[in-house]
*Asks:* 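Structure in structure tokens, see below.
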Amino acid sequence: SDKARTKTTSAEATKTNVHQKITITEPSRGELWAPIYLAQTLGYFKEAGLEVDFQTVTGGDPGAPVLAGEAQFGLRGIEMPLIVTQAGKEVKVLVSTSQKFPYAFIAQGPKFTTIESLKGQVVGASTPSGSPTAWIKACLSYGGLDPSTDVQLPSMQNSAYIAAMKNGNVAAVCGSNGYLVNKLMANGGVMLVDGRDTEVFKKIMGSETYEMYIMFATDKYIKENPETVQKVVTACAKGIQWVNMHSTEEIADALLPLFPDRKEELLISIADSKKHDLYSKDGKHTKTGYQAALKLGEYAGIVTQEVPEEKIYNESFLDTARKTLNNKQ
Amino acid sequence: MSAKFRNIRIPALIQTVLLVMALFLIWELATRAGKVDTFFFSSPNLIGNDIVKMWTSGDISKHVGITFKEAFYGLIYGGVFGTLCAFIFGMNKKLHNILFPIIVGMNGLPKLALGPLLIFWFGIGIESKIVMSAVMVFFIFLFNIYAGYCNVDVTLINAVRMMGGNQWQIIRKVIWPSCIPWFLVSLRTGLGMSIMGAIVGEYIGANKGLGWMIQNAGGTYNITRVISCIVLLIILMASLDYFVKFLEKKILRWRPTVD
Amino acid sequence: MSAKFRNIRIPALIQTVLLVMALFLIWELATRAGKVDTFFFSSPNLIGNDIVKMWTSGDISKHVGITFKEAFYGLIYGGVFGTLCAFIFGMNKKLHNILFPIIVGMNGLPKLALGPLLIFWFGIGIESKIVMSAVMVFFIFLFNIYAGYCNVDVTLINAVRMMGGNQWQIIRKVIWPSCIPWFLVSLRTGLGMSIMGAIVGEYIGANKGLGWMIQNAGGTYNITRVISCIVLLIILMASLDYFVKFLEKKILRWRPTVD
Amino acid sequence: MTSIINLQSKSENKIKLALKNITVTFSSSNGHQVLAVNDVSLDVYEQEFIALIGTSGCGKSTLLNVMAGLITADSGQVLIDGVETVGINPKIGYMSQLDSLLPWATVMDNVALGLELRGISKKERRAMARELIVRMGLTGFEYSYPHELSGGMKKRVTIARVLAIDPEILFMDEPFGPLDAFTKEILQDDILKIWHETKKTIVYVTHDLSEAISLADRVVLISSRPGKVKAEYNIPLPRPRNVMDIKFDANYVDIEKTIWLQLKEEVIKGKEGIGHVSKIS
Amino acid sequence: MTSIINLQSKSENKIKLALKNITVTFSSSNGHQVLAVNDVSLDVYEQEFIALIGTSGCGKSTLLNVMAGLITADSGQVLIDGVETVGINPKIGYMSQLDSLLPWATVMDNVALGLELRGISKKERRAMARELIVRMGLTGFEYSYPHELSGGMKKRVTIARVLAIDPEILFMDEPFGPLDAFTKEILQDDILKIWHETKKTIVYVTHDLSEAISLADRVVLISSRPGKVKAEYNIPLPRPRNVMDIKFDANYVDIEKTIWLQLKEEVIKGKEGIGHVSKIS
Ligand SMILES: Nc1ncnc2c1ncn2[C@@H]1O[C@H](COP(=O)(O)OP(=O)(O)OP(=O)(O)O)[C@@H](O)[C@H]1O
Ligand SMILES: Nc1ncnc2c1ncn2[C@@H]1O[C@H](COP(=O)(O)OP(=O)(O)OP(=O)(O)O)[C@@H](O)[C@H]1O
Ligand SMILES: [Mg+2]
Ligand SMILES: [Mg+2]
């Protein structure tokens with residue numbers, strides 16, 4: 001029933017003039033995908049005849065519903081398409097909503113203030129294949145430590161970072177979003193490496209840009225439903241424009257329906273993102289950004305084969321969308 | 001019956017409430033004295049306000065409602081299926097000997113790891129949560145009621161067999177009544193499992209429900225919201241348990257009690 | 001005893017193994033026929049190779065060892081504490097009436113949500129996993145054994161009281177033996193719960209163990225590894241259950257059996 | 001060695017129930033083997049009232065269990081109406097020695113149980129059960145649970161329950177043990193009356209020799225463990241009998257004495273002397 | 001209305017146990033109230049052997065339960081050695097009518113249970129238990145579980161268990177119900193001997209009038225529900241008695257007849273007629 005409903009083709013939908021149901025999965029509701037949420041809250045999806053449903057998939061695998069055909073689009077980090085492509089699944093990134101690296105590496109002061117001081121310590125990471133671990137490894141290497149021998153990198157739930165820092169279980173963690181960085185710093189954290197700083201990131205990863213937050217779909221779905229994909233991407237492109245033209249306060253307010261009771265946190269995170277210029281301007285990726293993603297993927301041990309750019313990205317819908325949007329303006 | 005029931009319960013209930021209030025008071029005082037970090041532990045005051053906020057915004061009923069709906073169906077399906085399987089295994093020891101090891105083995109699986117498979121088979125709608133909830137409940141009922149089945153008084157079975165009772169009548173007249181205490185404890189444990197299952201089910205994909213709310217709040221370090229949800233859950237579960245208690249009193253009337 | 005034990009078990013065990021092998025064969029054939037997507041479901045062949053790989057690299061014993069260690073302690077602590085509490089509540093109905101609602105309420109909590117608190121209190125070492133495991137096990141033992149306590153034959157208690165038995169002797173001589181079936185089923189369910197608890201504990205923060213491995217594999221779409229771990233878990237759990245079965249046979253010798 | 005005095009009466013009838021060379025061994029949990037019944041053959045004729053007597057633990061209940069099909073003998077056959085039967089036979093109504101009332105069912109439901117199993121409508125079975133309850137002197141306890149009854153009341157419920165199903169063959173294992181003399185005699189009379197009216201075959205186990213003699217057509221003496229048929233006695237007392245009066249019949253005293261002496265011998269022979277065996281002379 | 005014939009014997013002794021105006025009402029689960037015992041007063045003298053008889057369900061076991069402290073009476077007092085007692089009194093050894101063997105304990109462990117509770121060493125209690133097991137004719141079944149025993153064997157284990165603890169006051173509720181005549185008489189003799197040697201006070205419930213007369217100093221007749229003391233009879237038969245021979249004592253027959261008639265009256269009075277009450281004349 002649910003399954004059947006979501007699989008209704010766009011042709012049918014337009015014929016009967018009923019809103020077409022679309023499901024988008026997300027690993028969590030993060031403000032760096034703001035343009036896509038705004039497409040919902042500002043009614044862009046609805047205008048296009050789409051009824052969009054966001055599903056948070058925290059446990060298990062956030063990509064699975066899309067790969068299984070239960071959802072049509074997925075919000076993820078760039079590492080996900082890299083992994084599944086190598087595993088033989090065909091997916092394409094349609095839109096990137098962030099353009100700079102959003103993580104920082106933060107130690108618990110006052111005892112730990114430098115990367116060297118972390119030698120022999122425990123650093124809170126994600127699973128070895130996750131991007132926080134990869135970023136920590138990159139930072140450690142950059143600071144002259146061997147990530148595989150000099151520190152321990154247990155995987156931890158995101159929500160446990162602050163507790164673990166506070167009671168001395170870990171000496172440093174990856175600050176994976178603006179709000180967390182803010183809270184860590186407020187709890188005595190010391191900034192070791194701020195990846196959001198373009199200069200710093202370039203030194204480590206060789207690129208100023210890094211398009212981490214993306215939306216993807218399977219090749220199969222894209223091929224079978226090009227009109228729907230176009231509608232969705234166009235709505236997202238509108239969201240990107242809107243983000244770039246509005247203030248932190250306005251964005252937070254607009255996002256609120258999908259972020260109930262999170263205003264305070266949104267204000268902090270969005271301000272932080274704005275400050276570090278994290279939001280994508282055009283939704284497209286850059287060559288250097290992709291190279292950096294591959295490099296980080298190597299740290300995570302997830303890049304084992306050549307993965308050509310065109311196997312990952314399909315920005316044709318985005319180009320079309322931008323054209324129509326520019327024409328309108 | 002019901003008057004008596006109320007007579008015994010209400011004072012205990014009041015004592016429970018008083019105890020909880022006392023704990024909350026200590027917690028609040030400790031917070032005000034700066035001995036407890038509200039970032040990690042929140043405070044009764046913050047929690048109270050948060051619950052009121054959720055109440056007035058109507059969020060509570062929406063999220064609680066969906067989770068309890070999932071749990072309810074999970075409890076029903078898991079309970080019925082678990083009970084049925086227990087009886088089938090009880091009747092057919094051969095089947096039991098062959099299949100039980102596998103089932104026992106599956107009990108320990110981290111259900112979260114099954115997320116992708118559940119989504120593949122049951123989608124990300126309410127079905128997958130119900131299945132998750134039912135799976136958690138299933139094992140509880142299966143193991144308990146099977147143990148109850150094995151604990152039946154053979155004399156009673158023989159008596160009914162001698163009176164011409166067939167397998168089905170033996171189950172209805174002897175085994176089932178004698179399994180009732182095992183069934184009730186499964187209901188009590190299963191109640192918790194069903195909620196837990198629904199919440200875990202929401203972890204594998206949801207946009208509403210208590211699990212989604214907790215996960216969402218946890219991800220944004222909103223510990224107050226997490227604890228609000230937990231407090232709500234505890235209250236709701238405890239109230240549901242009064243129903244189990246009531247059932248127990250009613251169904252087990254025949255059983256002589258200690259003291 | 002042991003000869004008899006073997007006589008009944010081995011053929012059933014062989015049947016179980018044959019059944020599993022048949023299922024694996026069907027699965028493998030379906031995979032080869034292209035009817036099953038190995039990306040989601042892997043294949044027996046891949047899984048077999050993966051297990052061999054883990055075996056030769058020594059990964060298995062390391063990760064399985066740590067998880068079972070956590071689960072073992074969790075089972076012991078949770079079991080002992082749950083049993084103790086059940087007896088205390090059985091002896092003191094007043095305490096039961098006051099505290100039980102709260103405890104029942106806590107049973108349904110999504111334990112994963114307690115992650116930050118657990119880490120705050122118990123760190124990211126083995127302790128927090130043991131606690132998580134023990135908590136999951138605790139409720140099972142508490143509820144079951146409390147139900148067993150209430151199900152004790154009053155006549156026997158009176159007989160021992162008349163012979164001058166004190167409360168402690170009544171527990172040792174009457175209540176405990178009569179709770180044994182309830183204890184054994186708790187052990188069986190608790191076994192699974194302890195493993196599940198350890199794995200959930202590893203989800204919260206770990207750098208080894210089966211839970212860590214499953215999560216890690218899941219994050220890289222290595223479904224083969226996930227299923228390998230699951231298969232290993234099932235086999236290990238099922239073997240442990242033979243121990244429970246053995247105990248059952250030994251301890252419940254006094255109980256007349258159906259058929 | 002089987003001594004048979006005055007064997008006649010029901011033996012012209014068809015054989016209703018026959019045991020042929022039944023041997024039962026229990027292997028108990030401590031590893032020991034108990035030979036409970038050894039090579040017992042016994043014919044029970046149609047409409048016969050047969051009483052089994054013997055010392056405690058000699059295998060009487062075991063024999064009933066074998067006949068009822070609850071226990072499978074190690075060797076030997078059970079024939080009912082000439083047909084070898086395995087498993088439970090619905091012609092038999094068995095009132096066992098063990099307390100087998102359903103603890104969760106009221107007196108009414110316990111008595112009506114057999115009728116319910118036979119699919120008799122609620123109204124009908126309640127009416128029949130109520131009649132039996134009155135007969136057993138349990139009026140007012142229709143909706144009590146077994147644990148709320150006295151020992152004798154429970155036994156009476158059990159009697160009512162087996163009478164309710166009105167079986168062709170009735171097995172009664174010490175039905176009147178815990179009943180006072182009066183209640184007992186009244187119920188004994190009742191049983192005799194029912195037997196007379198409905199032409200049942202009754203196998204009756206008792207410890208009470210006078211009970212056995214006053215009720216039965218034939219008394220079978222089972223020897224101490226392993227149980228064997230030690231002796232059979234036809235009871236040539238006139239029918240219909242009145243349990244209270246029959247004790248004053250001259251024959252009665254003779255028969256009692258004969259069996260008594262045999263029984264005594266049996267107890268002394270039984271190796272495990274009970275109490276101060278030496279005292280018995 | 002209490003008729004007392006020939007009241008003398010133990011009444012010069014101290015009062016060991018006294019019931020004063022005991023009334024017990026059970027409220028059963030179906031909401032009905034059962035007045036089981038109504039205003040019963042009873043004195044039991046030191047070293048007295050007293051037998052309670054009465055119809056089934058008249059409240060005998062309830063009286064024992066009240067004296068033992070297992071049931072709290074609605075009104076009235078229980079005095080032991082002149083002291084009002086509430087709750088369980090360890091001076092009393094109570095062999096109840098209900099099957100109360102621990103099903104998970106072997107015969108040996110069941111018999112030794114009371115000794116174990118008293119902290120007697122394993123070796124010692126096993127020796128004592130073994131002696132009793134032999135006495136009860138249960139040799140070879142030391143390590144059997146209760147469900148592996150016959151009905152009479154279970155009862156014998158229960159007797160052994162209560163004898164093992166050697167209490168000052170012994171309550172026995174139909175101890176010999178399911179035992180054959182011989183075993184029963186041997187054990188009765190045994191009880192008499194023990195009573196004689198150890199100067200116990202014994203309260204004995206039985207349905208068997210001849211048993212009551214041949215064992216007791218005094219027979220107390222309890223009326224039909226609600227239980228009341230209907231009559232008391234001192235039994236002036238000489239001691240030591242031999243249960244088997246005493247029945248031929250001329251006095252015995254007289255006493256039996258007297259009580260028998262009273263008992264009969266009681267049964268007829270008891271409103272809920274058992275069976276065909278009209279037949280009793
Ligand atoms: N389930 C069993 N397991 C082991 N031994 C048993 C079992 N049932 C009976 N026995 C043994 O078989 C023998 C005969 O038992 P049975 O119950 O037939 O005696 P009975 O003649 O009915 O005695 P009673 O008059 O005391 O009831 C006893 O020695 C008993 O211990
Ligand atoms: N727990 C109880 N709840 C309700 N009623 C009870 C309970 N125990 C006994 N009674 C009632 O009290 C009355 C007396 O019972 P009691 O057991 O004392 O009789 P008794 O004289 O021992 O009979 P018997 O000779 O049959 O053992 C009976 O009518 C019985 O139904
Ligand atoms: Mg018997
Ligand atoms: Mg009684």
Side-chain angles (χ1 to χ4, degrees), chain B residues 9 12-13 15-16 19-20 40 93-94 97-99 101-102 104-113 116-117 120 139-140 143-144 147 150-152 154 157 181-182 184-185 188-189 191-193 195-196 199-200 203 211 214 218 223 226 230 233-235 237-238 241-242 255-259, chain C residues 12-13 15-16 19-20 40 93-94 97-99 101-102 104-113 115-117 120 139-140 143-144 147 150-152 154 157 181-182 184-185 188-189 191-193 195-196 199-200 203 211 214 218 223 226 230 233-235 237-238 241-242 255-259:
Chain B
R9 289 298 152 226
L13 183 57
Q15 282 176 290
T16 308
L19 178 73
V20 171
F40 289 108
K93 293 283 162 186
K94 231 178 177 160
N97 288 339
I98 298 171
L99 291 185
I102 304 178
V104 168
M106 295 201 291
N107 177 34
L109 294 188
K111 308 297 180 298
L112 213 48
L117 293 185
F120 194 89
F139 291 106
I140 301 289
F143 294 152
N144 280 346
C150 295
N151 208 37
V152 171
V154 184
I157 294 184
W182 304 81
L184 287 172
V185 75
R188 167 165 286 160
T189 320
L191 212 67
M193 285 291 156
I195 297 278
M196 205 156 101
I199 289 176
V200 171
Y203 285 6
I214 289 174
I223 199 78
V226 172
I230 287 179
L233 258 178
I234 292 184
I235 294 173
M237 295 272 309
D241 192 61
Y242 276 100
R255 197 170 65 171
T257 45
V258 209
D259 293 325
Chain C
L13 183 56
Q15 282 175 291
T16 308
L19 177 74
V20 171
F40 282 106
K93 293 283 163 186
K94 234 180 174 155
N97 288 340
I98 297 172
L99 292 185
I102 303 176
V104 168
M106 295 203 288
N107 177 34
L109 296 189
K111 309 296 181 299
L112 211 50
L117 293 185
F120 192 86
F139 291 106
I140 301 289
F143 294 152
N144 280 347
C150 296
N151 207 38
V152 171
V154 184
I157 293 184
W182 303 81
L184 287 173
V185 75
R188 167 165 286 158
T189 319
L191 212 67
M193 286 291 155
I195 297 278
M196 204 155 101
I199 288 177
V200 169
Y203 281 7
I214 289 174
I223 199 77
V226 172
I230 287 179
L233 257 178
I234 292 183
I235 294 173
M237 296 272 309
D241 193 61
Y242 276 100
R255 197 170 64 171
T257 45
V258 209
D259 292 323

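In the text below, chain A, chain B and the rest are named by the order of the sequence lines, each starting its count at 1. Values below: all heavy atoms of this structure, side chains included; hydrogens, waters and symmetry mates excluded.
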*Asks:* Is the shortest side-chain heavy-atom distance between C:Q15 and B:N97 below 4.5 Å?
*Replies:* no
*Asks:* Heavy-atom distance under 4.5 Å to chain C: side chain of B:F139, backbone, both or neither?
*Replies:* neither
*Asks:* Which atoms form the tightest heavy-atom contact between B:P101 and C:A238, and what is the distance?
*Replies:* O-CB, 3.4 Å
*Asks:* Relative to chain B, which of C:L99, C:I230, C:V20, C:L109 shows the most heavy atom pairs under 4.5 Å?
*Replies:* C:L109
*Asks:* Side chain, backbone, both or neither: which part of C:L117 has an atom under 4.5 Å from a heavy atom of chain B?
*Replies:* side chain
*Asks:* Kindly indicate whether the side chain of C:L233, heavy atoms from C-beta on, has any atom under 4.5 Å from the side chain of B:P110.
*Replies:* yes
*Asks:* Heavy atoms, side chains only, cut-off 4.5 Å: are B:L19 and C:I102 in contact?
*Replies:* yes
*Asks:* Determine whether C:I195 and B:N107 make a side-chain contact, defined as any pair of heavy atoms from C-beta on separated by less than 4.5 Å.
*Replies:* no
*Asks:* Where does C:I199 contact chain B at under 4.5 Å (heavy atoms): side chain, backbone, both or neither?
*Replies:* side chain
*Asks:* Under a 4.5 Å heavy-atom cut-off, does chain B meet the side chain of C:V200, its backbone, both or neither?
*Replies:* neither
*Asks:* Going by ring pair (Phe, Tyr, Trp, His ring centres under 6.0 Å), name the residues that satisfy it together with C:F120, two or more places apart in sequence or in a different chain.
*Replies:* B:F40, B:F41
*Asks:* Indicate the atoms forming the closest heavy-atom contact of B:V226 with C:A113, along with that distance.
*Replies:* CG1-O, 4.3 Å
